[in-house]
Amino acid sequence: MLKDVTIGQYYPTNSIIHRLDPRTKIHFTLLYIVALFLVDNMIGYGVAFATLITITLISKIPVNYVLRGVKGLVFIIMITVAINLFMTPGTVRYQFWIFKITEEGLKVAVFMALRLIFLVTGTSLMTLTTSPISLTDGIEYSLKGVPGVRKYAHELAMMMTIALRFIPTLMEETDRIMKAQKARGADLDSGNLIQRAKSLIPILVPLFVSAFRRADELAIAMEARCYRGGENRTRLHALKFGRIDIYAYATTFLMIGAVILTRWI
Amino acid sequence: MKTSKSINTKAMIYCAIFAALISVGALTRIPVPMIPFTLQFLFTNLAGIMLGPVYGAISVSIYVALGLMGLPVFASGGGLGYVFQPTFGYLLAFILGAFVAGKMTQKEGFRNFKGYLLASFTGLLIVYILGFIYYNLLAVFVLNINVDPGLLFLHAFLMPLPGDVVSCILGSMLAVRIPSIRRQISFNF
């Protein structure tokens, strides 16, 4: 489990989608969210569904992985469906006891549930096909185009990379400190809330101290190598848009166009 | 040679390490019956108190960004789809909460147990209010439902309250004990 955290949801396969520039995928995801909110009938969802299925098939990711994101939202989807189903006024279709299902309610419920499912599956496709490190690169490049944040793009991406690198280390450290304190007789697993919170102090104080020591060491190491931020800094792997990215953008705009067109059908 | 750094290296690394600490804290679940208790709020709050308003907020933002990138560092997983979870508002509110807690402990006179406790509770209040607002906005605009405010209040406030109050007290105790790094890194902010 320790090693899995920093991989995130990434599912490595050798597909065209995985090889796409991370920027392309980020922009696609943002446009896809916008498109979904523009949809106002079922044909629009048909277009979104077709896009999703195509991407999933090309990316060679098992369908149950893509649907895994929906699992966390099952509860909220159920509530949405239930409330919309029973609370929308309109022509009554079915009625039993105090519950009545209206035609409009049925429509709205299905519509909202589909929107949520498409939003979650679509966005999880990005994190499934892009590793956190290349996503960070993509974010850095994308932020460089935003005025105001441009100055901090490199720093923000660097901080994310450092955090990614230190999560497993600090988890290991926490584990080690817990074991060390248990070996000294610390009681971590019993008592009420306040007692348990108190027993956390001998774990958290060493954790912070050691984390700060690591931070100091890293700062000295970086400054000794003349690190001075993003200015004039070159990269080993510069991101480049390839031909497949152009096709991807074309497809994205085609999808958006199709979704907008369905509003008049 | 031009050296126009926007953030100094040391502060940057502290922010990053703190983001990693928040992630680890959120993953550490303390098994307490009835209520969900993680160290998430404790750590985001400490980020504000220990790093100061700006760096604290940056550090929490990085934690949120990492979670959105698909790392399972939020309470129930991660990924960009988490934006549509009603509880995502709390994560956004942590950023402002850390900022305010940092701002309130800006003066040296407030850097004692009482000051930290006051800052923590103000941060907690902000987190609850903003979380509540996000919950409502999401319910109305995305899910198209009208939730009963009373029920929502119960779900959004009373359930996590005991754990968060304990977090505030624990955080203030820790902030007093751990040597201050704030003076080392805060030149500008």
Side-chain angles (χ1 to χ4, degrees), chain A residues 5-6 8-10 29 69 72-73 76 79-80 83-84 87 108 112 115-116 119-120 123-124 126-128 132 135-136 139 151-152 155-156 158-160 162-164 166-167 170-171 174 189 193-194 196-197 200-201 204-205 207-209 211-212 214-215 218-219 222-223 227-229 231-232, chain B residues 2-7 9-10 12-21 23-24 27-28 30-32 35 37 39 46 50 58-59 62-63 65-66 69-73 76-86 142-147 162-163 166-167 169-170 173-174 177-179 181:
Chain A
V5 175
T6 45
Q9 296 173 321
Y10 184 52
T29 311
L73 279 172
I76 202 76
I79 291 182
T80 311
I83 291 181
N84 277 313
M87 300 293 188
V108 175
M112 290 301 158
R115 180 192 272 175
L116 261 183
L119 280 172
V120 174
T123 49
S124 71
M126 181 182 82
T127 43
L128 279 166
L135 256 183
T136 313
I139 291 170
K151 231 171 97 187
Y152 304 105
E155 274 78 6
L156 288 173
M158 182 57 118
M159 283 191 267
M160 281 164 84
I162 294 172
L164 269 176
F166 274 98
I167 289 171
L170 290 178
M171 282 184 82
T174 316
D189 301 313
L193 188 60
I194 294 163
R196 278 182 204 224
L200 281 174
I201 292 177
L204 293 179
V205 172
L207 178 66
F208 275 96
V209 171
F212 294 160
R214 278 174 199 281
L218 183 63
M222 278 169 81
E223 275 176 346
Y227 175 80
R228 54 191 172 85
E231 199 137 328
N232 301 330
Chain B
K2 230 166 66 180
T3 47
S4 64
K5 260 184 297 181
S6 42
I7 303 174
T9 312
K10 200 164 184 177
M12 203 177 105
I13 292 165
Y14 269 106
C15 287
I17 294 263
F18 231 106
L21 272 174
S23 311
V24 173
L27 288 170
T28 318
I30 313 296
V32 185
I35 46 171
F37 184 52
L39 303 177
L46 276 176
M50 286 187 172
I58 291 176
S59 162
I62 286 167
Y63 160 67
L66 288 178
M69 269 164 54
L71 267 66
V73 291
S76 50
L80 203 54
Y82 212 84
V83 176
F84 305 106
Q85 290 264 21
V142 182
L143 310 177
N144 198 25
I145 52 177
N146 283 311
V147 199
V166 171
S167 284
I169 299 167
L170 188 62
M173 282 160 90
L174 281 170
R177 284 189 190 204
I178 294 165
I181 47 164

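The chains referred to below are lettered A, B, ... by the order of the sequence lines, with proteins before strands, and numbering in each begins at 1.
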Applying a strict 4.5 Å limit to non-hydrogen atoms, the region of B:Leu174 in contact with chain A is side chain

When the 4.5 angstrom heavy-atom criterion is applied to A:Ile139 and chain B, the contacting part is side chain

In Å and rounded to the nearest 0.5 Å, what is the CD1 to CE distance from B:Ile58 to A:Met159?
-> 5.0 Å

So which part of B:Leu21 gets closer than 4.5 Å to some heavy atom of chain A, the side chain, the backbone, both or neither?
-> both

A:Thr174, part contacting chain B, at a heavy-atom distance under 4.5 Å | side chain

Are any of the side-chain heavy atoms of B:Leu39 and A:Leu204 separated by less than 4.5 Å?
-> yes

Please identify each residue that fulfils side-chain contact (heavy atoms from CB on, under 4.5 Å) with A:Thr136, with sequence neighbours left out.
-> A:Ala157, A:Met160, A:Thr161, A:Leu164, B:Met69

Interchain contact, B:Phe18 with chain A, by part (heavy-atom threshold 4.5 Å) = side chain

Applying a strict 4.5 Å limit to non-hydrogen atoms, the region of B:Ile169 in contact with chain A is neither

Min side-chain heavy-atom separation A:Leu128-A:Tyr10 under 4.5 Å = no

Enter the distance from A:Leu218:CG to A:Met222:CE here, rounded to the nearest 0.5 Å.
-> 5.5 Å

Of all residues at least two apart in sequence or in a different chain, which pass the ring pair (Phe, Tyr, Trp, His ring centres under 6.0 Å) check with A:Phe166?
-> none

Under 4.5 Å, counting heavy-atom pairs only, tell me which of A:Leu207, A:Ile162, A:Val120, A:Leu170 racks up the most with chain B.
-> A:Leu170

